[in-house]
Protein chains: 2
Amino acid sequence: MSRRDEVLLAALDLLDEVGLEDLTTRRLAERLGVQPSAMYRHFASKQALLDAMVEHLATVADGPVPDGDWSEQLRRIAEESRNGMLRVRDGARLIATHRTPGPAAIAAFDQLTAMMHATGLPEPIARSAVDTVICYVNGFTIEEQSRRPAAPTRTRADKNADFRAGLELIITGIRCSLPAG
Amino acid sequence: MSRRDEVLLAALDLLDEVGLEDLTTRRLAERLGVQPSAMYRHFASKQALLDAMVEHLATVADGPVPDGDWSEQLRRIAEESRNGMLRVRDGARLIATHRTPGPAAIAAFDQLTAMMHATGLPEPIARSAVDTVICYVNGFTIEEQSRRPAAPTRTRADKNADFRAGLELIITGIRCSLPAG
DNA sequence: ACCTGAACACCGTTCAAGT
DNA sequence: ACCTGAACACCGTTCAAGT
């Protein structure tokens with residue numbers, strides 16, 4: 001493993017512990033037992049480091065499109081995407097704020113839209129369907145992670161159920177927009 | 001208008017010009033022709049200022065529930081909420097990140113869920129329906145505002161159409177979950 | 001290849017003091 | 001009531017220099 005990757009993993013660890021506001025190049029240096037300026041050997045800027053972190057989290061999520069009919073694929077994409085974001089504290093905000101989609105994500109998106117189209121949806125509607133699911137996942141997960149843990153009245157299992165309920169609502173909407181329901 | 005409100009409006013103006021990352025208490029002071037420490041007469045901290053800004057933007061969005069059947073109400077809530085966020089640069093991120101829902105928002109949410117329930121949806125589904133729309137609106141608007149303006153291939157009108165298409169998809173999903181079609 | 005040391009222009013915030 | 005002046009502990013970043 002390259003030194004660059006060690007720095008990257010340390011940054012992800014630090015993020016998970018202190019959150020996005022307190023993720024600081026100086027704190028990161030301290031954790032690595034090194035001077036603040038040492039980071040710049042490996043990343044051109046803090047922004048470049050954040051981009052690499054996003055890339056790392058998204059790689060988990062933007063894998064190949066799985067088997068199954070379109071609704072099953074949509075479910076898995078949504079679930080994987082949320083799980084990727086939940087891997088670290090403030091993961092959703094990090095991705096939503098800093099992501100420039102990246103080739104793998106775009107490919108997955110296009111593949112998915114094409115498949116929805118093959119199912120019988122007019123192409124613009126297929127595009128809109130995939131887009132809607134993505135926006136929902138992002139909105140849900142950002143909100144989920146930025147709740148101040150004052151009164152955790154809902155458990156993680158509750159949250160999973162809430163997430164799936166909304167997802168099924170959207171999938172039902174797509175199904176009812178299909179030509180031969 | 002109180003001095004506090006003048007500071008608040010200046011902060012919103014500044015946000016709109018420079019964006020969330022460059023919204024700085026010192027820049028704000030400079031714009032007001034005042035020392036950085038002067039702000040603390042009016043707001044306990046930068047966080048308190050941000051909260052007040054969120055309050056200001058959300059007040060526009062969380063008005064009374066309008067007339068019409070449930071789908072029309074859902075449309076207006078969604079549209080108003082997005083418009084409130086679009087009023088300033090990074091408005092969606094500001095609200096999603098710093099919002100502690102606030103009594104007006106909670107009241108609007110409960111009122112809306114109750115109405116959906118009256119329409120015939122079981123209560124947990126009504127709750128989920130409103131939640132889903134809100135997550136979608138937030139996800140859509142955050143993404144919309146954080147696109148780097150590199151290649152603005154889609155116009156504002158396109159974006160409005162995209163937004164409505166996704167919204168209709170969700171509304172269709174709710175309608176198809178209704179007991180008596 | 002990787003890191004140090006010292007510097008620079010910036011942050012948010014506090015607090016005594018002025019008018 | 002509102003603001004100044006000076007300070008404090010922090011930021012991200014650069015750059016010459018060390019090993």
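Below, read A as the first sequence line, B as the second, and so on, with proteins coming before strands; counting in each chain starts at 1. No experiment lies behind these values; they were computed from the predicted model shown.
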I'd like to know if [X] and [Y] make a salt bridge, using a cut-off of under 4.0 Å between side-chain N and carboxylate O.
X: B:Glu168; Y: B:Arg175; answer: no
X: A:Arg3; Y: A:Glu6; answer: yes
X: B:Glu143; Y: B:Arg93; answer: no

Would a 4.5 Å heavy-atom cut-off, applied to side chains only, mark [X] and [Y] as touching?
X: A:Leu74; Y: A:Leu112; value: yes
X: A:Glu17; Y: A:Val88; value: no
X: B:Ile134; Y: B:Ser81; value: no

Backbone of B:Pro124 reached by a side-chain donor or acceptor of B:Ser128 within 3.5 Å: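 Checked: no pair found.
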Stem regions touching DNA chain D, defined by at least 3 consecutive Watson-Crick or wobble G-U pairs below 3.5 angstrom: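 The stems are C:4-8 with D:12-16, C:12-16 with D:4-8.
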Atom-to-atom span, CZ of A:Phe43 to C1' of C:dC2 - whole angstrom: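 Taking atom C1' of C:dC2 as the reference, CZ of A:Phe43 is at 14 Å.
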Per-nucleotide protein contact string for nucleotides 5-19 of chain D (B base, S sugar-phosphate only, - none; heavy atom under 4.0 Å): B-----BBBBB----
Polar side chain donor-acceptor pair, B:Glu79 to B:Asn83, under 3.5 angstrom: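 There is no such pair (donor and acceptor under 3.5 Å, judged by atom type) between the side chains of B:Glu79 and B:Asn83.
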Distance test, side-chain N/O of A:His42 to OP1/OP2 of C:dC3, below 4.0 Å: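 Result: yes.
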